[in-house]
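Let me begin by presenting the structure, written as structure tokens, before commenting on it.
Note that this is a predicted model, so its numbers are computed, not measured. FYI, side chains are in, hydrogens and waters are out, and symmetry mates aren't considered; it's all heavy atoms of this structure.
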Amino acid sequence: MVFFLCVKREWRTLAKKNKQFAVIGLGRFGGSICKELYKMGHQVLAIDNNDSKVNEFASFATHAVIANSTDEKALQSLGIRNFEFVIVAIGDDIQTSILTTLLLKEMNIPNVWVKAQSLYHHKVLEKIGADRIIHPEQDMGIRIAQHLTSEKIVDYIELSDEYSIVELLATPKINEKTLIDLDVRAKYGCTILAIKRGEKVDVSPLPTEVIYEKDLLIVIGHKNDLKRFEDDGM
């Protein structure tokens, strides 16, 4: 289960209110973003150069079109300049991904999020001005590895090389203890952002809040501090 407050998926931070999105590349990654944004009630322009992909997602987008994303005139004809958010989810064709991103930034699209295939790809995207670079396979690999190596970690998101948010399952050791009792910030340098109990979510819980076994604690901190809290505090 993925909770992480209102950020259930990294790209969902885009969709705080009704907006227009363009998704270029309708593979598994781009297709899933397209479907979810459309399901959330947003206007979505789905673009791919493969007609079968476009036909597949025609029911999951406001508009689905066949287009070459490296053709500036084609993008202009689609009104891409009017979109505040464009997600470049092109698969293995790194050259097309880079050229598409470059065109979008030259068109002054304010938010261009791009799927990267490798470190080299990432570096090039950084240099040409991509606003957010996503490594879905790498990010998922990290989260699965974290889950596999600890029975306490339900989910994990990496904020930077040093800081993370983890979703920890409360153990019998901290059952019926309050946040004051745990004193997590003083002892471990971490902050409990929220407590999830069943369907109820308590954001910014009070120090007197009691924790029960199997509650989900959403905790932010330095990776070393989070590990200390997991090993010693839980």
Side-chain angles (χ1 to χ4, degrees), residues 1-19 21 28-29 31-42 87 113 115 132-234:
M1 174 172 54
V2 183
F3 170 60
F4 293 140
L5 306 182
C6 295
V7 192
K8 292 189 177 180
R9 293 189 183 129
E10 180 180 339
W11 53 268
R12 277 198 179 187
T13 57
L14 292 170
K16 291 181 180 179
K17 54 186 178 180
N18 199 302
K19 292 181 173 24
F21 299 88
R28 283 187 297 177
F29 178 67
S32 65
I33 292 177
C34 180
K35 284 184 178 181
E36 190 67 15
L37 287 171
Y38 186 68
K39 188 167 68 175
M40 293 167 70
H42 298 281
I87 300 96
W113 288 32
K115 174 186 175 181
R132 179 72 66 88
I133 302 168
I134 307 161
H135 295 264
E137 292 86 359
Q138 177 181 319
D139 295 343
M140 183 56 70
I142 290 170
R143 290 164 72 173
I144 290 172
Q146 290 288 337
H147 183 63
L148 286 171
T149 55
S150 172
E151 295 179 355
K152 300 171 188 174
I153 294 180
V154 176
D155 217 329
Y156 172 97
I157 190 167
E158 190 171 43
L159 299 176
S160 70
D161 290 340
E162 295 183 344
Y163 290 90
S164 301
I165 298 175
V166 293
E167 191 175 84
L168 296 169
L169 191 65
T171 64
K173 180 178 178 179
I174 62 173
N175 184 46
E176 298 188 353
K177 290 188 177 181
T178 65
L179 294 181
I180 294 174
D181 295 331
L182 294 178
D183 202 12
V184 174
R185 186 175 294 179
K187 291 180 179 177
Y188 303 101
C190 306
T191 300
I192 295 178
L193 299 174
I195 300 171
K196 188 170 189 289
R197 182 176 302 136
E199 295 302 315
K200 180 185 175 184
V201 178
D202 186 357
V203 179
S204 299
L206 295 172
T208 54
E209 180 67 31
V210 178
I211 295 171
Y212 296 97
E213 184 181 356
K214 296 187 179 180
D215 281 353
L216 289 175
L217 310 181
I218 291 80
V219 191
I220 187 171
H222 192 283
K223 292 178 181 180
N224 294 338
D225 295 332
L226 290 169
K227 184 63 175 171
R228 285 195 305 116
F229 175 52
E230 179 195 345
D231 291 343
D232 302 332
M234 297 284 285

Working to the nearest 0.5 angstrom, can you tell me the gap between [X] [atom1] and [Y] [atom2]?
X    : Y    : atom1 : atom2 : value
L217 : F229 : CG    : CZ    : 6.0 Å
I87  : R132 : CD1   : CZ    : 11.5 Å
D225 : E162 : CG    : CD    : 10.5 Å
D231 : Y188 : CG    : OH    : 9.5 Å

side-chain contact (heavy atoms from CB on, under 4.5 Å) partners of [X], counting only residues at least two apart:
X    : answer
N224 : H222
R197 : I195, E209, Y212, D215
S204 : none

**OP:** Test C190 against every option in L226, L168, I220 by the side-chain contact (heavy atoms from CB on, under 4.5 Å) rule and name the one that passes.
**Re:**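 It is L226; the other options fail the test.
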Considering only heavy atoms from C-beta outward, does the side chain of [X] approach that of [Y] to under 4.5 Å?
X    : Y    : answer
K177 : I211 : no
L206 : L179 : no
I192 : I218 : no

With no hydrogens and no angle check, is any side-chain donor or acceptor of [X] less than 3.5 Å from a backbone partner on [Y]?
X    : Y    : result
N175 : P172 : no
K39  : G41  : no
K173 : D232 : yes

**OP:** Evaluate the ring planes of H42 and F21, with Trp represented by its six-membered ring, and classify them as parallel (under 30°), tilted (30 to 60°) or perpendicular (over 60°).
**Re:** perpendicular
Please find the pair of heavy atoms, one from [X] and one from [Y], that lie closest to each other, and give the distance.
X    : Y    : answer
K223 : S164 : CE-OG, 3.2 Å
A194 : P205 : CA-CD, 4.0 Å
V201 : K196 : CG2-CG, 3.9 Å

Original post:
Going through the distances and angles, do T191 and V184 end up as a side-chain contact (heavy atoms from CB on, under 4.5 Å)?
Top reply: CA-CA 7 Å; T191 300; V184 174; over 6 Å; no
**OP:** May I have the step-by-step check of side-chain contact (heavy atoms from CB on, under 4.5 Å) for F29 and I134, ending in yes or no?
**Re:** CA-CA 11 Å; F29 178 67; I134 307 161; 4.0 Å; yes
